K.L.:
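A single structure is presented below for examination.
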Amino acid sequence: MMSLYKDVQKAAARKQGVDVKEPAEVTMSNILDGPIKRPDESKLFKTVEERCADARSTAMTLLLVGVLGLAAMILAITGSLQLPLPKIAPYSMSVLFLAFIGVAVAQIQKSKKILTEGSAEHARIKNIKKWFETEGIAAPEIAELPVTVPVNELESLYRKKYEAIKEVLHKQFSEENMKLLDKLAADFSEDARIDAMLEEQVRIEAAVRDKRTS
């Protein structure tokens with residue numbers, strides 16, 4: 001889809017007599033063509049699904065260790081399994097493995113509670129995306145972004161775009177989870193559809209400024 005979008009842009013530019021240089025200049029939509037490093041702070045937020053998966057993974061690990069360990073200790077106590085341990089060790093270790101099972105059960109309950117938060121979190125993210133695409137994208141911080149840059153400045157442009165979107169989101173949603181906003185800022189910076197919207201918005205703002213100064 002992005003390739004087609006770029007081809008249409010190039011064809012339109014050439015039709016207007018604009019010399020399209022490759023790869024000397026590229027538009028903002030070309031940012032995803034190369035490996036751009038995602039900002040570290042945008043990786044801190046975990047979605048409901050990710051948090052639930054983490055809790056369940058921890059629970060399953062602890063449950064497996066607890067059940068197997070407890071079974072081994074019971075066999076050792078009954079004399080069915082000989083282990084090179086002091087006589088008191090199987091009893092104390094049984095308590096430890098029971099604790100593992102208890103923590104596993106608690107983690108399973110935690111994962112269920114996390115899932116109940118899913119619909120609310122998804123709704124908040126949907127509202128933020130809707131606001132950004134309809135209003136936030138026209139913010140001055142974003143409108144001032146350049147439309148084209150030399151190839152060696154692609155990563156710098158990506159970072160500027162990320163910081164601009166991040167600033168707009170933090171300003172509008174000051175009471176929201178900052179880690180979530182950082183993640184969404186990075187998501188928007190890497191979204192091909194939003195990339196195209198950004199380019200169009202920047203062009204509109206540039207045309208308005210040119211008209212005012214002419």
Side-chain angles (χ1 to χ4, degrees), residues 1-2 28-29 31-73 93-137 139 141-142 145 154-155 157-198:
M1 187 179 86
M2 285 306 300
M28 287 166 61
S29 59
I31 288 176
L32 298 183
D33 286 352
I36 303 296
K37 185 180 178 182
R38 194 179 177 96
D40 291 337
E41 66 268 23
S42 69
K43 304 174 186 177
L44 300 178
F45 180 80
K46 288 188 175 183
T47 64
V48 164
E49 292 76 14
E50 290 171 332
R51 297 198 301 274
C52 183
D54 287 347
R56 285 182 174 175
S57 176
T58 301
M60 292 302 102
T61 300
L62 289 173
L63 187 61
L64 180 62
V65 172
V67 169
L68 293 179
L70 184 60
M73 293 305 103
M93 292 186 70
S94 293
V95 174
L96 177 62
F97 289 124
L98 279 172
F100 280 9
I101 295 172
V103 174
V105 172
Q107 286 293 313
I108 292 173
Q109 295 301 319
K110 179 181 177 181
S111 69
K112 291 180 179 179
K113 182 179 179 182
I114 290 173
L115 277 181
T116 63
E117 302 169 358
S119 57
E121 182 177 287
H122 293 157
R124 282 164 33 224
I125 292 174
K126 184 178 179 179
N127 288 335
I128 294 171
K129 287 183 176 180
K130 182 179 180 180
W131 176 85
F132 178 75
E133 293 179 9
T134 56
E135 298 181 44
I137 202 167
E141 295 90 340
I142 297 172
L145 291 169
L154 273 178
E155 190 161 357
L157 176 58
Y158 169 82
R159 187 73 194 193
K160 288 178 181 177
K161 183 169 67 165
Y162 165 75
E163 291 295 343
I165 296 174
K166 175 182 171 181
E167 181 180 349
V168 169
L169 293 181
H170 280 230
K171 190 181 297 182
Q172 178 66 23
F173 302 98
S174 57
E175 296 182 1
E176 184 56 84
N177 186 325
M178 296 295 104
K179 293 179 182 178
L180 169 59
L181 297 181
D182 292 347
K183 177 187 182 301
L184 290 177
D187 289 347
F188 294 160
S189 299
E190 298 169 5
D191 190 305
R193 183 173 55 87
I194 289 180
D195 231 20
M197 293 171 66
L198 285 172

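Computation of the quantities below employed the complete heavy-atom set of this structure, encompassing side-chain atoms and omitting hydrogens, waters and symmetry-equivalent molecules. On a predicted model such as this, the values are computed, not experimentally measured, just so you know.
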K.L.:
If the condition is side-chain hydrogen bond (donor to acceptor under 3.5 Å, both in side chains), which residues does S42 pass it with, not counting sequence neighbours?
P.N.:
R38
K.L.:
Check ring pair (Phe, Tyr, Trp, His ring centres under 6.0 Å) between F45 and all other residues, then give those that pass, not counting sequence neighbours.
P.N.:
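Checked F45 against ring pair (Phe, Tyr, Trp, His ring centres under 6.0 Å); zero matches.
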K.L.:
Quick check: closest heavy atoms across G136 and I142, and the distance to 0.1 Å?
P.N.:
O-CD1, 3.4 Å
K.L.:
Which is it for L169 and L184 under the side-chain contact (heavy atoms from CB on, under 4.5 Å) test, yes or no, and what are the steps along the way?
P.N.:
CA-CA 9 Å; L169 293 181; L184 290 177; 4.2 Å; yes
K.L.:
Would you call the rings of F173 and W131 parallel, tilted or perpendicular, taking 30° and 60° as the class edges?
P.N.:
perpendicular
K.L.:
Would V67 and F97 count as a side-chain contact (heavy atoms from CB on, under 4.5 Å) here? Give the steps.
P.N.:
CA-CA 7 Å; V67 169; F97 289 124; over 6 Å; no
K.L.:
Holding to side chain to side chain contact (heavy atoms under 4.5 Å, CB included), I want the full list of residues that pass it with L68, two or more places apart in sequence or in another chain.
P.N.:
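Expected list: L64.
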K.L.:
If you round to the nearest 0.5 Å, how far is CG of L181 from CD1 of I128?
P.N.:
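Separation between the atoms: 5.0 Å.
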K.L.:
Would you call R159 and E163 a salt bridge, using N to O less than 4.0 angstrom?
P.N.:
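Yes, R159 and E163 are salt-bridged.
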K.L.:
Only counting residues at least two apart or in another chain, list the ones meeting salt bridge (Lys or Arg N to Asp or Glu O under 4.0 Å) with K130.
P.N.:
none
K.L.:
Check side chain to side chain contact (heavy atoms under 4.5 Å, CB included) between K46 and all other residues, then give those that pass, not counting sequence neighbours.
P.N.:
E50, R51, D54
K.L.:
Return the minimal non-hydrogen interatomic distance between C52 and L115, and the atom names on each side.
P.N.:
SG-CG, 3.6 Å
K.L.:
Kindly compute the distance separating CG (L180) from CD1 (I125), expressed to the nearest 0.5 Å.
P.N.:
5.0 Å
K.L.:
I'd like to know whether I165 forms a side-chain contact (heavy atoms from CB on, under 4.5 Å) with F132, so could you lay out the CA-CA distance, the side-chain angles of the two residues, the decisive distance to 0.1 Å, and finally the verdict.
P.N.:
CA-CA 9 Å; I165 296 174; F132 178 75; 3.7 Å; yes
K.L.:
Could you list all the side-chain hydrogen bond (donor to acceptor under 3.5 Å, both in side chains) pairs where at least one residue sits in residues 170-186, not counting sequence neighbours?
P.N.:
R124-E176, E141-K171, H170-D182, K183-D187
K.L.:
Show your reasoning for whether side-chain contact (heavy atoms from CB on, under 4.5 Å) applies to V103 and L63.
P.N.:
CA-CA 8 Å; V103 174; L63 187 61; over 6 Å; no
K.L.:
Does any non-hydrogen side-chain atom of E41 lie less than 4.5 Å from one of Y162?
P.N.:
yes
K.L.:
Sequence neighbours left out, what pairs pass side-chain hydrogen bond (donor to acceptor under 3.5 Å, both in side chains) with at least one residue falling in residues 98-117?
P.N.:
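Of all non-adjacent pairs touching residues 98-117, none passes side-chain hydrogen bond (donor to acceptor under 3.5 Å, both in side chains).
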